[in-house]
Amino acid sequence: MPSFRAPRGTRDLLPDVWAGFSRLEGLARSLAARYGYREMEIPLFEQTAVFERGIGVATDVVEKELFRIVQRTEDSESWALRPEATAGMVRAYVQHGMQTLPAPVKLSVIGPMFRYDRPQAGRYRQFWQWTAEAIGDPGPAVDAEVIEMGLRFYAEAGVPDVEILLNSIGDAACRPAYLAKLKAYFARHEVQLPVLERRRLETNPLRLLDSKDPAMTALAGGAPKITDSWCEACTAHFAAVRAHLDALGVPYRLEPTLVRGLDYYARTAFEFYRKGAEGQQEALGGGGRYDGLVELLGGRPAPAIGFGLGLDRVLLALDETGVASRHEAPPLAVVVGADPADTVSRLRVASLLRAEGLSVRAELAQRKLARQLETASKEHAHFAVIIGDELAEGHVQLKDLEAGTQRVVPLADLARELARAAKSHHHG
Ligand code: HAM
């Protein structure tokens with residue numbers, strides 16, 4: 001047993017697994033570029049108040065799952081690790097006066113988030129999200145555009161059967177009347193409510209609908225639906241979002257009970273699931289409109305919408321469906337030598353090739369040439385660069401390990417020869 005282990009709820013993403021993450025990050029970057037979202041990064045921690053005010057005090061994410069940093073006596077602020085990126089991105093948008101940029105301001109963040117949750121399959125204390133936000137557009141067209149971009153991410157990542165669950169959770173005009181109905185309903189069942197839910201009945205009744213407590217499932221199922229309380233403007237907005245999705249050919253399922261777990265949402269709310277996996281497994285991603293958040297964090301009011309897609313869960317889904325993650329390519333060439341002791345020459349030649357952008361390994365073990373070549377073949381390198389006596393005249397032997405051929409090449413031409421071979425053989 002090793003004395004130290006990665007903290008509970010975290011994982012070491014070893015090279016084979018990280019290669020899968022990298023691929024997803026690359027895909028997120030490519031989609032962000034295609035859809036006009038500019039990548040940025042924000043601190044991994046913020047003033048706790050950014051999350052408390054943005055996400056809401058009486059939410060699981062803030063009340064139970066926030067990684068709070070112990071406050072030093074000399075600090076007047078308290079900080080917490082980011083449980084998501086939206087609040088921080090909006091804080092940055094306000095801080096840097098991005099309201100003056102042409103709207104919508106479309107931003108993308110890819111990176112780790114932290115939630116002190118109970119670890120289980122697909123639920124970690126450090127996990128990775130791709131977050132995309134479009135700030136300054138009231139929709140409805142941009143709503144459909146964001147949702148379609150999310151679905152395309154899963155399609156291009158290779159996750160089959162991803163379903164969109166869609167709802168509107170009303171706005172400042174119609175939500176208060178709905179919350180009153182909701183409160184009255186749950187108040188009638190107060191004795192059945194778990195302690196936390198009973199408290200939230202007063203502070204944040206909407207949260208009773210996305211409670212993780214199994215005792216709440218049936219009760220929440222019988223609650224009044226927000227869809228019956230929409231005002232005219234919310235009804236029209238939702239219909240227009242649907243019309244845009246229909247026109248794009250994006251399929252979705254209406255889910256009148258979907259409310260999401262963060263307080264900043266208004267109107268459009270959506271989640272991505274593996275088909276048939278709702279309930280047993282958590283969402284692959286989710287998002288929605290948050291028209292009040294910019295103002296809440298001190299900015300001039302601006303409507304906004306976005307999503308957060310969980311990369312860990314996408315990789316799990318890919319593992320389950322057997323879509324193999326791609327491994328790194330072998331080196332194009334291994335530099336070996338007739339004189340086992342002459343590591344200097346092998347390093348020098350490798351360094352020269354790497355400077356030309358080639359992926360090359362230098363054999364630094366002082367073993368017989370035959371053994372060096374054996375290792376190079378085993379790792380599926382295409383070429384061996386063999387250094388021998390000809391180096392004095394500025395030549396090396398270039399052995400094609402796949403074809404079994406060998407010829408003398410001037411050192412000055414070596415990089416060019418290898419680069420040409422790399423191109424014609426599609427290495428990687
Ligand atoms: P969220 O629904 O809290 O939304 O998280 C989005 C996604 O992050 C989830 O659907 C899930 O895939 C992943 N996720 C969340 N918690 C964990 C965990 N403990 N372990 C593994 N994966 C997890 C947000 O975070 C919003 N900021 C999304 C958004 C952006 N809304 C508007 N803009």
Side-chain angles (χ1 to χ4, degrees), residues 7-11 13 21 24 28 32 37 42 46 50-51 54-56 59-62 64-67 81-91 93 104-135 137 139 142-143 146-147 149-150 153-154 157 159 162-165 167 169 207 210 212 258-274 277-278 281-294 303-318:
R8 191 166 130 77
T10 72
R11 294 159 303 152
L13 302 169
F21 269 85
L24 292 183
Y37 288 74
I42 49 171
E46 294 270 350
V50 170
F51 305 126
I55 298 165
T59 57
D60 281 357
V61 168
V62 169
K64 299 200 289 191
E65 298 166 6
L66 206 58
F67 264 97
L81 299 186
R82 63 184 189 191
E84 55 108 57
T86 309
M89 290 166 79
V90 169
R91 192 266 313 137
Y93 169 90
V105 175
K106 291 156 86 181
L107 305 169
S108 162
V109 164
I110 306 168
M113 309 293 158
F114 306 85
R115 295 186 191 180
Y116 195 84
D117 209 338
R118 199 164 51 78
Q120 58 189 64
R123 202 196 284 168
Y124 308 102
R125 289 181 173 174
Q126 177 175 346
F127 58 96
W128 271 256
Q129 271 188 359
W130 173 32
T131 301
E133 310 290 1
I135 308 175
D137 187 331
V142 73
D143 302 38
V146 164
I147 294 170
M149 175 167 73
F153 177 78
Y154 298 112
V159 187
V162 173
E163 189 168 43
I164 300 168
L165 270 50
N167 196 19
I169 59 167
R207 292 284 71 85
D210 60 74
K212 284 180 196 154
L258 177 75
V259 294
R260 307 274 301 134
L262 315 165
D263 281 356
Y264 50 60
Y265 291 113
R267 294 196 170 166
T268 313
F270 56 90
E271 277 178 347
F272 299 97
Y273 280 90
R274 285 287 304 289
E278 312 93 83
Q281 194 196 316
E282 289 176 281
L284 290 172
R289 182 159 278 291
Y290 51 94
D291 292 346
L293 183 58
V294 175
I305 187 165
F307 63 52
L309 311 187
L311 304 188
D312 308 72
R313 289 184 188 169
V314 169
L315 282 178
L316 275 180
L318 291 176

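Order of appearance sets the numbers: ligands from 1, and atoms from 1 within every ligand.
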Y265: partners by ring pair (Phe, Tyr, Trp, His ring centres under 6.0 Å), with sequence neighbours left out: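 Testing Y265 for ring pair (Phe, Tyr, Trp, His ring centres under 6.0 Å), a comparison that skips the adjacent residues, returns none.
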CD1 on I305 to CZ on F270, rounded to 0.5 Å: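 Between atom CZ of F270 and atom CD1 of I305 there are 5.0 Å.
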Once rounded to the nearest 0.5 Å, what's the spacing between atom CD1 of I42 and atom OG1 of T131?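 Interatomic distance, I42 CD1 to T131 OG1, rounded to 0.5 Å: 8.0 Å.
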Salt bridge (charged side-chain N to carboxylate O under 4.0 Å, His left out) with R11: which residues, sequence neighbours excluded?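 By the salt bridge (charged side-chain N to carboxylate O under 4.0 Å, His left out) rule, R11 matches D312.
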Can you list everything that forms a salt bridge (charged side-chain N to carboxylate O under 4.0 Å, His left out) with R115? Sequence neighbours excluded, please.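 For R115, no residue satisfies salt bridge (charged side-chain N to carboxylate O under 4.0 Å, His left out) once neighbours in sequence are set aside.
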Anything with a heavy atom under 4.0 Å from ligand 1 counts, so go ahead and list those protein residues by chain and number.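 Protein residues near ligand 1 are E84, T86, R115, G122, R123, Y124, F127, Q129, E133, R260, L262, Y264, Y265, A283, L284, G285, G286, G287, G288, Y290, G306, F307, G308, G310, R313.
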Side chains of T86 and E133: is there a donor and an acceptor less than 3.5 Å apart?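 Distance-only check passes for T86 and E133.
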